[in-house]
Amino acid sequence: MEKKEFERRRRRLMKEMGDNSIAILPTAPERQRNRDVDYPYRPDSDFYYLTGFPEPEAVVVLVPGRRHGSYILFCRERDSRMETWNGRRAGLDGAVEAYGADDAFPISDIDDILPGLLENRDRVYYAMGCHAEFDSQVMEWVNRLRKKARTGVHTPGEFVDLDHLLHDMRLYKSAAEQRVMRQAARISSSAHRRAMAACRPGMWEYQIEAELLHEFMRHGARSPAYPSIVGGGENGCILHYTENASRLNDGDLLLIDAGCEQECYASDITRTFPVNGRFNREQRALYELVLEANRAAIAQVKPGNHWNRPHEAAVKVLTRGLVRLGLLKGEPATLIKKETYRHLFMHRTGHWLGMDVHDVGDYKIGDQWRVLEPGMTLTIEPGLYIPAGSKGVAKKWWNIGIRIEDDVLVTKAGCEVFTDGAPKDPDEIEALVGTA
């Protein structure tokens, strides 16, 4: 993504902040996986949204109206010895030249420099509670200034949650963000096709996961957006199953919930298909019902509809279908009102999608569901889950877990489904499974 995109975001945020304010935002710390081994580093989403800066040990400070430039980046200095061990650093010059900072200072000097930047500012925009250690630093700087009050130093009198402004900005995806998310969705759709083609009875779930990861990386997406869910048979009824360690049995369904991350933007796709390439009668009946709910929900993704309309559409389709198939008994309207379906469909039909797979943004404004607007991206993911032993459900339905999830952009005319490249028509799926 070009530097101008990040610059535009910073300008917009500072305009919202107003004069006599300052925003402070640290990136995520490195995390230890086990002795002498760190997890692969991934910057904080809010920090990266404003900077594009990928390194740890960095803090962005925005000071509207500052004479020497409003965008300040504290980061690590170049260090040939450390770079030999752990890789290259941008350094102070790189922070300015490659990442557009007006000023860059060593992160080791932040204690000396940042209190001076707080002077004579009325408001501090900061997300308190995210990083406990850094919270203490910020309060120490403010308290240091308060001790100088008798010398005429003006101390900020108001702390404002930075998330309120920043997360509302992130909810609306720019053209550049939409391009990256389309690319992530294309790569992930290709990975799901690859997994379907590779699948055969007797394989292990982790072997299918390997097919997904191979396709992600083959197209330049170095990481999944979240741990991949590859659940065969009864494991498909566990919503957040990630062990991926069971053998795939002839006659079972395989539920895959997996998506890559591209330039810190997530994709999120779920597809369900028969391990042997053929749905049995019960599997197909429930699959077609979930697919109908998926399509009904997507049809409700358009400007002017509120956030809950897709969920309401999915619930209506699923409840009526479950009554028709004999898995629920009663009048659909009453069952919906009482949420009697929730032992079979226990989650919402979607969530915001963006830099985080469960992305930021309010779902309600006050007590009202948020109205959908162009630029918002969300998932649509109805499902049905019937583990063995489900009370009141005939044995022929047991161990069927189905979810169908797509990534959807709200447009001026309606919506765009980013993940159309991942097959979900049952005949198309049967034609593809096991063909590799």
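FYI, side chains are in, hydrogens and waters are out, and symmetry mates aren't considered; it's all heavy atoms of this structure.
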Pairing donors with acceptors under 3.5 angstrom, does anything connect the side chains of Asn305 and Gln300?
yes

Please check this pair: side chain of Thr435 against backbone of Leu432, looking for a donor-acceptor N/O pair closer than 3.5 Å.
yes

Under 3.5 Å side-chain donor-acceptor pair for Ser267 and Asp407:
no

Would you check if Leu289 and Glu292 make a side-chain contact, meaning some heavy-atom pair closer than 4.5 Å?
yes

Any chance the side chains of Asn294 and Asp406 put a donor and an acceptor closer than 3.5 Å?
yes

Check Arg78 with Glu83, please: is the shortest side-chain N to carboxylate O separation under 4.0 Å?
yes

Would you say CD of Glu331 has more than 12 non-hydrogen atoms from neighbouring residues, nucleotides or ligands within 6.0 angstrom?
no

For Glu57, enumerate each residue passing the salt bridge (Lys or Arg N to Asp or Glu O under 4.0 Å) test, keeping only those at least two apart in sequence or located in another chain.
none

Could you verify whether a donor N or O on one side chain and an acceptor N or O on the other, from Tyr241 and Glu205, lie under 3.5 Å apart?
yes

Looking at His343 and Leu328, what are the two nearest heavy atoms and their distance?
CE1-CD2, 3.7 Å

Determine whether His240 and Asp257 make a side-chain contact, defined as any pair of heavy atoms from C-beta on separated by less than 4.5 Å.
no

Flag the pair Glu55 and Arg89 as a salt bridge only when some basic side-chain nitrogen lies within less than 4.0 angstrom of an acidic carboxylate oxygen.
no

Pro374 side chain near Thr411 side chain, heavy-atom distance below 4.5 Å
no

Under 3.5 Å, is there a donor-acceptor pair between the Thr349 and Glu381 side chains?
no

Between Ser45 and Asp356, does any side-chain donor sit less than 3.5 Å from a side-chain acceptor?
yes

What's the spacing between Asn249 CG and Leu254 CG if we round to 0.5 Å?
11.0 Å

State yes or no: are the ring centers of Phe159 and Tyr126 separated by less than 6.0 Å?
no

For Phe105, ring pair (Phe, Tyr, Trp, His ring centres under 6.0 Å) partners two or more places apart:
Phe74

Can you check whether Val393's main-chain N or O pairs, donor with acceptor, with Ser390's side chain at less than 3.5 Å?
no

For the pair Thr242 (side chain) and Ile229 (backbone), establish whether a donor and an acceptor sit closer than 3.5 Å, ignoring hydrogens and angles.
no

Can you check whether Pro426 reaches Glu288 side chain to side chain, under 4.5 Å on heavy atoms?
yes

Within the structure provided, determine whether Ile298 and Val417 are in side-chain contact (heavy-atom separation under 4.5 Å).
yes

Are Pro54 and Phe47 packed together at the side-chain level, in the sense that at least one heavy-atom pair is separated by less than 4.5 angstrom?
no

Going by atom types only, do Ser223 and Glu261 share a side-chain donor-acceptor pair under 3.5 Å?
no

With sequence neighbours left out, write down each residue that passes ring pair (Phe, Tyr, Trp, His ring centres under 6.0 Å) with His351, or none if nothing qualifies.
His358

So, Asp359 and Arg170, do they make that salt bridge, N to O below 4.0 Å?
yes

Using the ring pair (Phe, Tyr, Trp, His ring centres under 6.0 Å) rule, collect all pairs that involve residues 374-408, keeping only residues at least two apart or in two chains.
His347-Tyr385

Within 45° of the axis and under 6.0 Å from the centre of the six-membered ring of Tyr71, does NZ or CZ of Arg10 qualify?
yes

Do Arg342 side-chain atoms and Met346 backbone N/O form a donor-acceptor pair below 3.5 Å?
yes

Under 4.0 Å between a side-chain nitrogen and a carboxylate oxygen: does that hold for Glu430 and Arg284?
yes

Is the shortest heavy-atom distance from the side chain of Leu378 to the side chain of Leu353 under 4.5 Å?
no

Are any non-hydrogen side-chain atoms of Phe418 and Leu409 less than 4.5 angstrom apart?
yes

With a distance cut-off below 6.0 Å to the six-membered ring centre and an angular limit of 45° from the axis, does Arg9 pair with Phe6 as a cation-pi contact?
yes

Can you tell me if CZ on Arg88 sees more than 12 non-hydrogen neighbours from other groups inside 6.0 Å?
no

Strictly below 4.0 Å, N to O, side chains only: are Arg11 and Glu7 in salt-bridge contact?
yes

If you look only at distance, which donor and acceptor atoms sit under 3.5 Å apart when one is on a side chain in residues 362-372 and the other is two or more places apart or in another chain?
| unit_1 | atom_1 | unit_2 | atom_2 | d |
| --- | --- | --- | --- | --- |
| Tyr363 | OH | Trp352 | N | 3.0 |
| Arg370 | NH1 | Asp168 | OD1 | 3.4 |
| Arg370 | NH2 | Asp168 | OD1 | 2.6 |

Sequence neighbours excluded, every pair satisfying ring pair (Phe, Tyr, Trp, His ring centres under 6.0 Å) that has a member inside residues 166-210
Trp204-Tyr206

Taking 4.0 angstrom as the limit, do Arg182 and Glu416 come out as a salt bridge?
yes

